[in-house]
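First the proteins, then the strands, lettered A, B, ... as listed; each starts at 1.
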Amino acid sequence: MSHEPKIGVYVCHCGVNIAGVVDVKRVADEMTREAGVVLARDYKFMCSTPGQDLIIDDIRAHGLNRVVVAACSPRMHEQTFQTACRKAGVNAYFFQMANVREHDSWVTVDKEEATRKAISLTRAAVRRVREHEPLETRQVEVRKEVLVIGGGIAGIEAALTVAEGGNHVYLVEREATIGGHMARFDKTFPTLDCSACILTPKMNAVGSHPNITLLTSCEVQDVSGFVGNFDVKIRRKARYVDHDKCTGCGACVEKCPVKIPSEFDEGISKRKAIYTPFPQAVPNKPVIDRAACTYFRTGKCKLCERFCEPGAIAFEQQESTLDVQVGAIIVATGFQFYKGEALEWYGHGRYPNVISALEFERLNNAAGPTEGVIRTAEGKTPASVAILHCIGSRDKNYQEYCSRVCCMYSLKFAHLVREKTGAEVFEFYIDMRSPGKGYEEFHDRIREEGVHLIRGKVGEVTDIAVTPEEQGKLVVVAEDTLVGSRLRVPVDMVVLSPGLSAHKDSNIAQILKCAVDKNGFFIEKHPKLAPIDTATDGVFLAGCCQGPKDIPDTVAQSQAAAAKALALASRGVVEVEGRTAFIDPEVCAGCKLCISLCPYKAISFDAVKEVSVVNEVLCKGCGTCAAACPSGAAQARHFKDVHIFNEIEGVLAL
Amino acid sequence: MAEFMRCTSPMLEVAEALLAAGGEELKTCYQCGTCTSVCPWGNLIEFSPRRFIETARLGLEGFEENSWTCVQCRMCQDRCPQQIDIPQLFRAVRGVLADGGSTPPALRVPLAGLRGEGNPWVEPREKKTAWARKNDVPALAPEHEIALFACCANEYEARNQRDGIAVAGLMKSAGLSFGYMGEAGTCCGDLIATVGAESIFESLRKTNVAALGKIGARTTVTVSPHCLNSFRNRYPAIDGMTFRHVTELWEELVRDGVLKPRRAVAGKVTYHDPCYLGRHNGVYEAPRNVLKAIPGLELVEMAHHHERSICCGGGGGGAWMERPKGERLGDLRVREAVSTGADTLVTACPYCVQMLEASVLGLNLEGKLKVRTVSELLSESIAQGGVE
């Protein structure tokens, strides 16, 4: 074998990024003294085409079989150079990068120090690469099916896009219907489109699409596997109504004697124990809320069963599990509105006429508890309404971030109040954020409608009157910071605009082993360049579960996630990384320590041979098993002791 | 081009000095106005902490006039979305102004008193322990478990002496091993710290830290929440020493049955949370638990209670500043108490007692509303003895 190492070393200038601090010529020069180094060059931009050609030409001309590039982070261009090596017939794993930019020139001020460090790092790479082995990557087939978790607009859009692309989708939604938050809104900004009117056609499309298996009242329970080959366990909750028999006639709902607060209407109205969440629900068939149902609680009633002609009531229905295999997963679990102390501070829960955003949406919605009429708790039309921005948002005491949509929905609220009641509207804001298409124009329009926009965050809402005009009203206290006066504004109704929070009651992150940030939102691979990928290949994000955003951005992100899933399926194969672990069966004592430590559940026990075996397709090469193995049987390819020690030697030698 | 001179320019050297003294976090203020909308002064006068911050951090003219208004109640700081220590900015600016000789006349007297006689009432130092000697309050000995640190107000001011006597009486009734620190200690320096006289504060602190380090007691109980705050938050930790407020002590003794409030004290009372006990040090329930244990007492809450309590106006030097009628924070509080129907306004701070009693007088409510401390009411309810 031609395994006398013949190493080519390339030190990149990266323009002035590296060369401005590091003496690149000197680094290259030093490398020529290393054993095995046939040539060492410095070049302005190694990642450019001529730069890569340099490598390819040298390999061919000088018979190089190892390549070291001292340049930027491998996260930037490792793949670029590996591809160049491959093109010239050298195994990609005979390539090693030394990071002399992010780890050196960008963080070191003293040029002599930086140069010495670059020499150390490059020498370490050279000594290491001598011992590299030619690893093989593997190709695994990708399943074409896609799992979408969450049936709000994000999940709906993603599912429809994948389905239209010809692939099959499993859309899992934990509620009895899809639709998410959009189904509860009245109008949407800035067009004032009726939310349900634009949403329900899509919901119906989902319900009838041949490529979509709609799984409502279902939850994802477990996910195992890897990109292209996920095994998903879905928990199907009991509905206690056989949807195959049910015709959706609604007789059961009419007859049910139980009335409890409706979650869909934020508790403002009541629903029955057997119920369809809203008139345009998909599927448009009822489910029984077991905790509220008289029969389940006391054994009596069964009125619904008595009046159900097709005999669709099924009290004995059990929970079941469904196993599916998919190639990609799109997480579209959405958000919840902020619910916390900040609301209470402004009187929510104490004063009946202090209501929060979602409650106000339901009041405005034509299918809501007041059929779209804005009225106070006493049933009167308000003559004045206050809208308070930033409740729980932009606040280190609650949620530090801005939720992006609240300024816009608050302006929308102002419009609805003006249009429906003609009441005076006082809107209290800190900054007016209207960054989308048509948003600033909407802001302008609201001002034209005579809404009083006051710049000042409200400090207090009180019912203690100080003047006769304040009697019987809620008084909003704020400083108009633009004028510099503290105001007391008496109003009939106060609407609080809270921000968006991550779900507090969802364990999807743990099930997928997907990281979430300190606010609970899923972490994307890169905030600017990869907002849809996650660190887990094959798992994509769409919608507010990744961070607060408006409907246009959600839809765009969903379509992008669907595109990524379709691309994965279309490519048909994934390459499995060669830098995996392996366990030498001759040395393994069968202690099974590695099995319990493996975070990817990639190691199993061969009971016949009594040794542990790594499934190299699941293995991510993290090295935990190799570090823990007491006998040294488990080794991380490409990170064996000889590699590590050589690198250390290279760094320390001077 | 004189017509262009009307515009002011930021004076960044001034701004930098104020930021360095007042806290770098001021840079993050985004001028939302929450502080100004919750500040209790807004009910009476035009006072904008928000504008103060903006003027100070650009070094613009005009912030000086409002520097002495803040009573350090912390309402703003607790609601500030950027968690800025706004009272600290006022203290810092006061320090700068004091160095320049602009301390308001009303404060010069108590400051001089502190420098000279160790108390802001300018009473002779010898009078410090008179109240204790007259009322048989044991002096602190090395074997005592608890040190009683009375406030200068208890020592030198007639009305608050009654509270001090009630405190000592309760400790005796409970059979506690305690002694009064007396001359070993000096004023805790709270007033000083809030009006920016750093050097005087430093010397007071040194004296007290040395004294507290020498005593045998491992618990020091204060009557004033301001002393409590100084010891807990402005002094370095003193090895093995715990600081408590009297109400925390009473709560424990009542709960453990050591103090048994048996005598009924009839009346409808409402409790005023002192800023330095409540918002500054998080003690809200202990005083209430003590009041609830007193038979015959009906406790009602004012509209602004717990974290929303409205300052009496005594902090930050307010107890010494003269405010015209109609501009007294204490009045707001007293009126709130009256509207609950209570006959007694109870509190747990010597400054609050002073300010609230002054407001009762000023509003001609003498005889209609009594001002008492938790210690005094508890004392009335303890069967044997109590107040002598």
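Pairing each heavy atom of A:Ala478 with each of B:Ser37, the nearest pair is CA-CB, 3.5 Å. Counting all heavy atoms, side chain and backbone alike, A:Asn397 lies closest to B:Asp78 at ND2-O, 3.8 Å.
Interface remark: A:Tyr398 contributes side-chain atoms only to the contact with chain B (heavy atom separation under 4.5 Å). Contacts of A:Val458 with chain B are made by backbone atoms alone, with heavy-atom separations under 4.5 Å and no side-chain atom involved. When heavy atoms are compared at a cutoff of 4.5 Å, A:Arg394 approaches chain B by way of both its backbone and its side chain.
The residue among B:Gly33, B:Cys32, B:Cys35 with the most heavy atom pairs within less than 4.5 Å of chain A is B:Cys32. Note: B:Gln31 leads B:Glu307, B:Gln31, B:Met75 in heavy-atom pairs under 4.5 Å with chain A.
Of the possible polar contacts, one joining the A:Arg486 side chain to the B:Thr36 backbone as a donor-acceptor pair under 3.5 Å is found.
Residues of residues 325-347 of chain B lying under 4.5 angstrom from chain A, judged on non-hydrogen atoms, do not exist. Contacts of residues 43-54 of chain B with chain A at a heavy-atom distance below 4.5 Å involve B:Asn43, B:Glu46, B:Ser48, B:Arg50, B:Arg51, listed in sequence order.
Note that the CD atom of B:Gln82 and the CG atom of A:Asp395 stand 8.0 Å from one another [nearest 0.5 Å].
More than 12 heavy atoms of other shown residues, nucleotides or ligands fall within 6.0 angstrom of atom CD in B:Glu24. Enclosure of atom NZ in A:Lys380 is not indicated, since only 12 or fewer non-hydrogen atoms of other residues, nucleotides or ligands lie within 6.0 angstrom. Heavy-atom neighbours of A:Glu440 CD from other residues, nucleotides or ligands within 6.0 Å: above the threshold of 12. Within 6.0 Å of the CD atom in A:Glu378, the count of heavy atoms belonging to other residues, nucleotides or ligands exceeds 12. Within a 6.0 Å radius of NZ in A:Lys504, more than 12 heavy atoms belonging to other residues, nucleotides or ligands are found.
A 4.5 Å side-chain heavy-atom check between A:Glu460 and B:Arg308 finds at least one atom pair inside the cut-off.
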